[in-house]
Undergrad: 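Structure incoming, see below.
What you see is a predicted model; the values in this text were computed from it and never measured.
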Amino acid sequence: MEIGDQPSGGLMMVEARGRPLDAQLRLAWANLQVAGTHFMRAAQIKRRIAGLKIHRKNENIAGLQLADLVVSPIGRHVLGKNTRRDFEIVESKFRRYRGSYKGAGLVVLPKQ
């Protein structure tokens, strides 16, 4: 492996969701490392993300708590639940293309 091929990015940290969902996440991560995505080759992903680490909620990882503050309002919006002021704040920060953030600053997968 050449120096340029070594992972230079950080770890992808996620919160545990139970054995079945954690197993699905590990499988999806392994698939990304082998097949890549429509937007990025597997080799690029391997260089940018050193690995996947799953933490339990009771570990109180500050970064995961901060991510919850951003992701929870988005999740409520995408699921069609009542949104609160926090979604308006997060929504105002989305990257936009021609005035819309859908497909630019917010991509929901799988596409329906």
Side-chain angles (χ1 to χ4, degrees):
M1 180 182 272
E2 296 181 27
I3 292 175
D5 292 335
Q6 294 177 357
S8 60
L11 286 172
M12 182 169 38
M13 296 175 58
V14 298
E15 193 172 273
R17 293 291 181 204
R19 286 185 187 176
L21 291 176
D22 292 351
Q24 287 178 359
L25 182 59
R26 285 186 184 96
L27 183 60
W29 169 239
N31 186 53
L32 284 174
Q33 291 179 297
V34 172
T37 71
H38 184 68
F39 301 102
M40 190 174 289
R41 294 187 331 264
Q44 292 173 296
I45 292 171
K46 287 180 184 178
R47 279 196 302 270
R48 293 180 183 199
I49 304 173
L52 171 71
K53 181 112 170 123
I54 300 176
H55 291 277
R56 288 188 208 94
K57 189 166 190 72
N58 65 3
E59 293 180 59
N60 286 321
I61 307 293
L64 292 178
Q65 291 176 353
L66 183 59
D68 275 347
L69 290 173
V70 176
V71 173
S72 294
I74 296 169
R76 284 193 307 271
H77 171 75
V78 169
L79 293 172
K81 295 185 176 183
N82 289 334
T83 58
R84 303 177 190 145
R85 173 81 173 114
D86 55 0
F87 178 71
E88 293 174 26
I89 294 167
V90 173
E91 181 184 36
S92 73
K93 307 300 180 190
F94 287 151
R95 182 177 61 178
R96 296 174 190 279
Y97 177 74
R98 296 186 179 175
S100 176
Y101 61 79
K102 293 182 180 175
L106 177 63
V107 178
V108 179
L109 301 173
K111 294 183 178 180
Q112 297 177 0

Undergrad: Find the distance between CD1 (Ile74) and OG1 (Thr83) and round it off to the nearest 0.5 Å.
TA: 12.0 Å
Undergrad: Applying side-chain contact (heavy atoms from CB on, under 4.5 Å), run through Thr37 and Ile45 and close with a yes or a no.
TA: CA-CA 9 Å; Thr37 71; Ile45 292 171; 4.2 Å; yes
Undergrad: Donor-acceptor pairs under 3.5 Å, side chain of residues 21-35 to any protein atom, not counting sequence neighbours: which ones?
TA:
unit_1	atom_1	unit_2	atom_2	d
Asp22	OD1	Arg17	N	2.8
Trp29	NE1	Gln33	OE1	3.3

Undergrad: Can you tell me how far apart CG (Asn82) and NE2 (His77) are? Round to the nearest 0.5 Å.
TA: 12.5 Å
Undergrad: Applying the 4.5 Å side-chain criterion to the ILVMFWY set and letting contacts propagate, would Val78 and Val70 be lumped into a single cluster?
TA: yes
Undergrad: Taking the six-membered ring for Trp, are Tyr101 and Phe94 parallel (under 30°), tilted (30 to 60°) or perpendicular (over 60°)?
TA: tilted
Undergrad: Using a cut-off of 6.0 Å, state whether more than 12 heavy atoms not belonging to Arg96 lie near its atom CZ.
TA: yes
Undergrad: Hey, could you give me the CG/CE distance between Leu52 and Met13, rounded to the nearest 0.5 Å?
TA: 10.0 Å
Undergrad: Please check this pair: side chain of Arg95 against backbone of Ala104, looking for a donor-acceptor N/O pair closer than 3.5 Å.
TA: yes
Undergrad: Could you measure the distance from the NE2 atom of His55 to the CG atom of Leu64? Nearest 0.5 Å is fine.
TA: 6.5 Å
Undergrad: Using atom types as modelled and distance alone, determine if a side-chain donor or acceptor of Glu59 lies under 3.5 Å from a backbone N or O of Arg56.
TA: yes
Undergrad: Applying the 4.5 Å side-chain criterion to the ILVMFWY set and letting contacts propagate, would Ile61 and Val14 be lumped into a single cluster?
TA: no
Undergrad: Can you sort out the partners of Lys57 under salt bridge (charged side-chain N to carboxylate O under 4.0 Å, His left out), two or more places apart, ordered by chain and number?
TA: Glu15, Asp68
Undergrad: For the hydrophobic clusters of this structure (ILVMFWY residues joined by side-chain heavy atoms under 4.5 Å, transitively), does one cluster hold both Ile49 and Met40?
TA: yes
